[in-house]
There are 2 protein chains.
Amino acid sequence: MKSNAVFKRAHNRCLNMLAKHELGTHLRSELELAQALDVSRTTVRAVLSSLANANIIHRDGSRRHLVRSPVADDYFPEAQTESVSDIVGRRFMEWILQGDFRPGELINCAELARQFSTSTSAIREHLTHFNHFGLLERRPNSAWVFKGITTDFAMEIYEIREMFELRSAHRFAELPPDAAAWSELDAIEREHHHLLENIDERYREFSRLDERLHRLVHDASQNRFVLNFYDVISMIFHYHYQWNKADEKERNYVALHEHLAYIAALRSRDLDAIDAKCRTHLQTARKTLLKSVDHLRQATV
Amino acid sequence: MKSNAVFKRAHNRCLNMLAKHELGTHLRSELELAQALDVSRTTVRAVLSSLANANIIHRDGSRRHLVRSPVADDYFPEAQTESVSDIVGRRFMEWILQGDFRPGELINCAELARQFSTSTSAIREHLTHFNHFGLLERRPNSAWVFKGITTDFAMEIYEIREMFELRSAHRFAELPPDAAAWSELDAIEREHHHLLENIDERYREFSRLDERLHRLVHDASQNRFVLNFYDVISMIFHYHYQWNKADEKERNYVALHEHLAYIAALRSRDLDAIDAKCRTHLQTARKTLLKSVDHLRQATV
DNA sequence: TTTCAGTTTTTTACAGATAAAAAACAATTT
DNA sequence: AAATTGTTTTTTATCTGTAAAAAACTGAAA
């Protein structure tokens, strides 16, 4: 059966919203809450009745008002707000990065299902997903082969990434001056400067900024295949940041400066400069990934 | 439950093999048969016992020999040899091409399951597949949106195709002279000449040759993402050939000549010539696809 | 007449069950 | 000993069932 993670997530988010409310004030309509929480009205109603049960809100007639401010105990634990599908995806990547799988190894769905305490259906769904990511290969009527985050994988993914990002960057340069992307680029640049000012404390925030910049560039491609592919990159990087912490501050410092040069090139609209700065940055990023792959291999051999 | 399409397919293929045997001759070992039929020994044994039941083969001791030649009636109907997953994939594409879906329309899994007389699980599995193909978009906890084979789709897919094929063609040109790919290229070229000699009768065979040439070029990329993407192209083309028959002979005639020029360029190893011929051919192919998309849209509006 | 909350209907996300197929193991024959 | 067949164990593909969530419908209130 379906878990009620959607409900619990909405519940917690609703508590966050209510924490900013003054006592006694009326809540917004169910429809507005549904839109704010990004769930259906059905789920909002479930949340509201659970809040009423906990005496956080109370009804007077057809309206609801805030009775008491929510406390830590009113929240569902973070772990319960993750959907089964997200859990499986996360745990699968963790398995890979902990070296529980070796490249070429066959994957046992039932065993994984047991390990992750879900059903084989949930596992199967995710295996097709990772198949698309190039991490697995399906042998029809037979087992799945784990292909692994190997040197080959890193080289292949970067070959495509470079092609796609150069193409997208060119498109970006052609955007009309009033496009929203330019002001987003300005905002990203400012964030880079802020980060550099406090690099010692804030260097860990780089990954989010990296994602934001590259996603913005890729968006200019207006090509669903390019964007789909960036999801793959993004996922790999999301985990990569967690698995190789060596020289993290130094790496991020270098990358921030490369980003600034790249941003300046984009703004200059000079295609050759864009190519040069983009290539430089991607080559650094590739080296980092390759080093991590090596690290991963040595840790597990 | 699982259908026994694998068994039936193996059964029919085994009958084909036996049709070439002389009466009384002994069959090969179970293991050899399994390898020849590309199934497990378990399935081979099921096939052999069903053949024994039909008095086509007979056992003497531990060996088996052919008793009578198989007849048409011994075969399972073609329709029963397709796995559920293949059926769903095929029928889904047929639906798209018959205009049963309109771009932007929401897809109803249960309704589709009813239409295709399978379960929602089989449908769901295929929807994720088509999601990856850019034909659908998933809205979490909600319906799937059909994006359709639109002009945008054709433009986007060709943008990537051109990037990937040019890159692969360059790699192809760099292959050592003794690589197997060169002799396969020779064979493909000869097939082109044969086809051109009998273009009036054989023009329909072009699509298989087209797939063979482009697949060969893409193989040189040695990049799993390029190869995965070619599967998308290949699928679209497989159906495209069935949905637009207008000017088929003329189109194929032109394409065959473009292929020959492309092959000659590859053999010359001159990168500029390769780029030129490859681009020319892909642009023609794109025009054809765009015309078909138009055709599709007008037929369904 | 638009916006709301109450109610009902559909649909999705998963779990669980099972025949078919594969794989592993055991016993025989060449 | 190597190759084959017989038997048992696992694993996959797929169907069915159900709580959770979404969507659609309905009547009341602003």
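Below, read A as the first sequence line, B as the second, and so on, with proteins coming before strands; counting in each chain starts at 1. This one's a predicted model, so the numbers in the text were calculated from it and none came from an experiment.
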Item to check | Heavy-atom protein contacts under 4.0 Å, nucleotides 21-30 of chain C, coded B base, S sugar-phosphate only, - none | outcome: SBBB------

Item to check | Earlier contact from the 5' end, DNA chain D, for M1(B) and E30(B) | outcome: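 It is E30(B) whose nearest nucleotide is closer to the 5' end.
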
Item to check | Nearest-Å distance for atom pair CH2/P, residues W144(B) and dT12(C) | outcome: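 So the two atoms are 10 Å apart, to the nearest Å.
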
Next on the checklist: Nearest whole Å is fine: how far is dC15(D) P from I87(B) CD1?
Outcome noted: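 After rounding, the reported distance stands at 9 Å.
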
Checklist entry - If you pin R114(B) and S85(A) to their nearest nucleotides in DNA chain C, which one's is more 5'? => result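 Whichever sits nearer the 5' end wins; that is R114(B).
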
Considering every strand and a 4.0 Å limit on heavy-atom distances, what is the contact class for [X]: base, sugar-phosphate, or nothing?
X       : value
R9(B)   : nothing
R138(B) : sugar-phosphate
I107(A) : sugar-phosphate

Next on the checklist: Taking the basic N atoms (NZ, or NE/NH1/NH2) and the acidic carboxylate oxygens, is any pair closer than 4.0 Å for E184(B) and R215(B)?
Outcome noted: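 Salt bridge: no.
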
Next on the checklist: Quiz question: by atom type and distance under 3.5 Å, do the side chains of E125(B) and T128(A) form a donor-acceptor pair?
Outcome noted: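 Per modelled atom types, E125(B) and T128(A) side chains form no pair under 3.5 Å.
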
Item to check | Proximity to DNA chain C (any heavy atom under 4.0 Å), residues of residues 120-135 of chain A only | outcome: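 Close to the strand are S121(A), A122(A).
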
Checklist entry - Heavy atoms, side chains only, cut-off 4.5 Å: are L227(B) and H218(B) in contact? => result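 A side-chain contact under 4.5 Å exists here.
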
Checklist entry - Of all the nucleotides listed (dC15(D), dA15(C), dG6(C)), which has the minimum atom distance to the side chain of T118(B)? => result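 Nearest listed nucleotide: dC15(D).
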
Item to check | Divergence of helical axes at both termini of the helix from dT1(C)-dA30(D) to dT30(C)-dA1(D) - five pairs an end, 10° steps | outcome: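 The two end axes of the helix from dT1(C)-dA30(D) to dT30(C)-dA1(D) meet at 40°.
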
Checklist entry - For dG6(D), does OP1 or OP2 lie under 4.0 Å from any side-chain N or O of R45(B)? => result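 For dG6(D), OP1/OP2 do have a side-chain N/O of R45(B) under 4.0 Å.
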
Checklist entry - Does R138(B) CZ have over 12 foreign heavy atoms under 6.0 Å away? => result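 Atom CZ in R138(B) is crowded, with more than 12 foreign heavy atoms closer than 6.0 Å.
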
